[in-house]
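Step one of this worksheet: look at the structure below.
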Amino acid sequence: AESSDLKDEL
Amino acid sequence: MNIFRLAGDMTHLFSVLVLLLKIHTIKSCAGISLKTQELYAIVFTTRYLDLFTTYISLYNTIMKLIFLGSSISIVWYMRHHKVVRRSYDKDQDTFRHYLLMLPCLLLALLINEKFTFLEVMWAFSLYLEAVAILPQLVLLQRTRNIDNLTGQYVLLLGAYRALYVLNWIYRYFTEENYVHWITWVSGIVQTLLYADFFYYYFQSWKNNVKLQLPA
């Protein structure tokens with residue numbers, strides 16, 4: 001996945 | 001997950017618990033800005049829209065639900081609970097917080113990672129979170145005498161932001177393709193807003209006197 005795709009932070 | 005991120009999430013969680021403790025047990029929300037709490041409720045609602053589209057981890061989902069639930073219930077308590085709402089410093093808490101929302105929305109429409117509804121809402125939530133503490137800081141300045149729980153609440157929130165900055169630095173050097181300009185810039189702006197409060201908080205702690213902000 002592209003870096004910006006996964007938003008795993010809250 | 002690195003130690004800074006986990007510690008950041010935990011201080012964020014503690015800040016919410018401190019606030020709920022104050023509201024539940026003392027039945028008081030004195031010194032707490034409803035404007036800031038309303039902004040946080042909007043921040044989490046607009047940021048966590050991906051709860052319905054993306055699964056990341058059980059940890060992630062549970063934390064999102066906690067922050068959504070707690071921010072909405074705090075607003076409910078301050079507005080509607082028959083005892084708690086009487087302690088709200090309504091006349092002091094006059095920051096026109098809705099005026100912060102329009103510029104944040106315009107900025108989100110202009111600067112986002114992708115021009116989609118979810119991405120614009122995500123950027124909006126980050127810009128709004130950066131300035132959401134302002135009504136609270138203004139209220140602290142006006143009330144002068146700050147009780148311990150309120151001071152600790154703001155301190156924990158500030159610690160959470162500072163730890164997230166360390167988390168970004170750590171991830172930038174340890175992960176490939178980890179670049180989030182929007183998160184970083186708005187996060188750093190937000191952390192700087194706390195710096196002034198931190199200064200006075202540590203001064204009063206060092207001198208062992210009650211926290212008082214200059215007028």
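Naming: A, B, ... by sequence-line order, numbering from 1 per chain.
Ranked by heavy-atom pairs under 4.5 Å with chain A, the first of R47(B), M1(B), R171(B), E175(B) is R171(B).
Aromatic rings of Y164(B) and H12(B) (six-membered ring for Trp) have centroids beyond the 6.0 Å cut-off, not under it.
Side-chain contact check for L6(B) versus Y59(B): some heavy-atom pair is nearer than 4.5 Å.
With salt bridges taken as basic N to acidic carboxylate O contacts below 4.0 Å, none links D89(B) and R142(B).
Of the atoms belonging to W122(B), it is side-chain heavy atoms, and not backbone ones, that fall under 4.5 Å from chain A. Neither the backbone nor the side chain of F44(B) comes within contact range of chain A; no heavy atoms are under 4.5 Å apart. With a 4.5 Å cut-off on non-hydrogen atoms, D9(B) touches chain A through its side chain but not through its backbone.
Counted by atom type alone, Q190(B) and R161(B) present one or more donor-acceptor pairs between their side chains at under 3.5 Å.
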